[in-house]
Amino acid sequence: DAGVTQSPTHLIKTRGQQVTLRCSPKSGHDTVSWYQQALGQGPQFIFQYYEEEERQRGNFPDRFSGHQFPNYSSELNVNALLLGDSALYLCASSFRGMNTEAFFGQGTRLTVV
Amino acid sequence: QKEVEQDPGPLSVPEGAIVSLNCTYSNSAFQYFMWYRQYSRKGPELLMYTYSSGNKEDGRFTAQVDKSSKYISLFIRDSQPSDSATYLCAMSEGSARQLTFGSGTQLTVLP
């Protein structure tokens, strides 16, 4: 049983560029949440997708957008990258919008130079 | 002030010791409390999940929640070198609400 998978594992982008990160949820899960984890900090909630709609959003600018596909996989897009966007981006999957037993992927390490 | 405060450590203990990890919070609406373990360069792994106040035990791990004091704890008995990781507390107002994490405590268990 595959867990949460994220791609790519590492990425280096230049300031001002755009990036797309991908996530496939754990089998049987239909909800995907995205988190940003800066070095030495806990994950910060970006947004949650359930039934192909953004259901909740944290305190992140509109440069951060997402999408959920009919197969429940999800993308996180970040436009106009800033140096401060360098972080580990985590995807968590759960069932029916329930976040309290969420399973995390291994993350995508984004470095903006 | 952050909603969830967690002592960052680092915490270093000998193998076999009892470890106590703690978080305090300010949002009285939090009802669900979780502990995650995160190994270096990996995603967080759910260890314990509790609802409201009380204790929950799972093997060597015990989670305690004291809502009156806005304080939660994770105890690890008979700690092992494989327990060396960063431990994150997380909370939410409802089962479908977003998780709010502490900044994590880095634990090293020395053989």
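We name chains A, B, ... by the order of the sequence lines, and we start the count at 1 in each one. Remember, it's a predicted structure, so these values are computed and weren't measured experimentally.
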If you count the non-hydrogen atoms of other residues, nucleotides and ligands that lie under 6.0 Å from CD1 in I12(A), is the total more than 12? no
With a 4.5 angstrom heavy-atom cut-off, which part of Q48(A) approaches chain B: side chain, backbone, both or neither? side chain
Toward chain A, the part of L46(B) with a non-hydrogen atom under 4.5 Å: side chain
Going by distance alone, is a donor N or O of one side chain under 3.5 Å from an acceptor N or O of the other, for T100(B) and Q98(B)? no
Side chain to side chain donor-acceptor pair (under 3.5 Å) partners of residues 79-88 of chain B, not counting sequence neighbours, each pair once: R60(B)-D83(B), D78(B)-Q80(B)
Is the F45(A) to F101(B) ring centre distance short of 6.0 Å? no
Which atoms of Y36(B) approach chain A - backbone, side chain, both or neither, heavy atom under 4.5 Å: side chain
In terms of side-chain geometry, is the basic nitrogen of D85(A) or R63(A) positioned less than 4.0 Å from the acidic oxygen of its partner? yes
For the NZ atom on K67(B), are there more than 12 heavy atoms of other groups (residues, nucleotides or ligands in this structure) within a distance under 6.0 Å? yes
Residues of residues 29-40 of chain A with any heavy atom under 4.5 Å of a heavy atom in chain B: Y35(A), Q37(A), G40(A)
Give, for atom OG1 of T108(A) and atom CG of L90(A), the distance between the pair rounded to the nearest 0.5 Å. 8.5 Å
Portion of Q38(B) that has a non-hydrogen atom of chain A nearer than 4.5 angstrom: side chain
Residue part contacting chain A, namely of S95(B), when any heavy atom lies under 4.5 Å: both
Name the option with the most non-hydrogen atom pairs under 4.5 Å to chain A; the candidates are Q106(B), M34(B), E45(B). M34(B)
Can you check whether N22(B) reaches Q6(B) side chain to side chain, under 4.5 Å on heavy atoms? no
Tell me which of these, G104(B), G94(B), S103(B), has more heavy-atom pairs under 4.5 Å with chain A than the rest. S103(B)
Quick one: do E51(A) and R96(A) make a salt bridge, cutoff under 4.0 Å? no
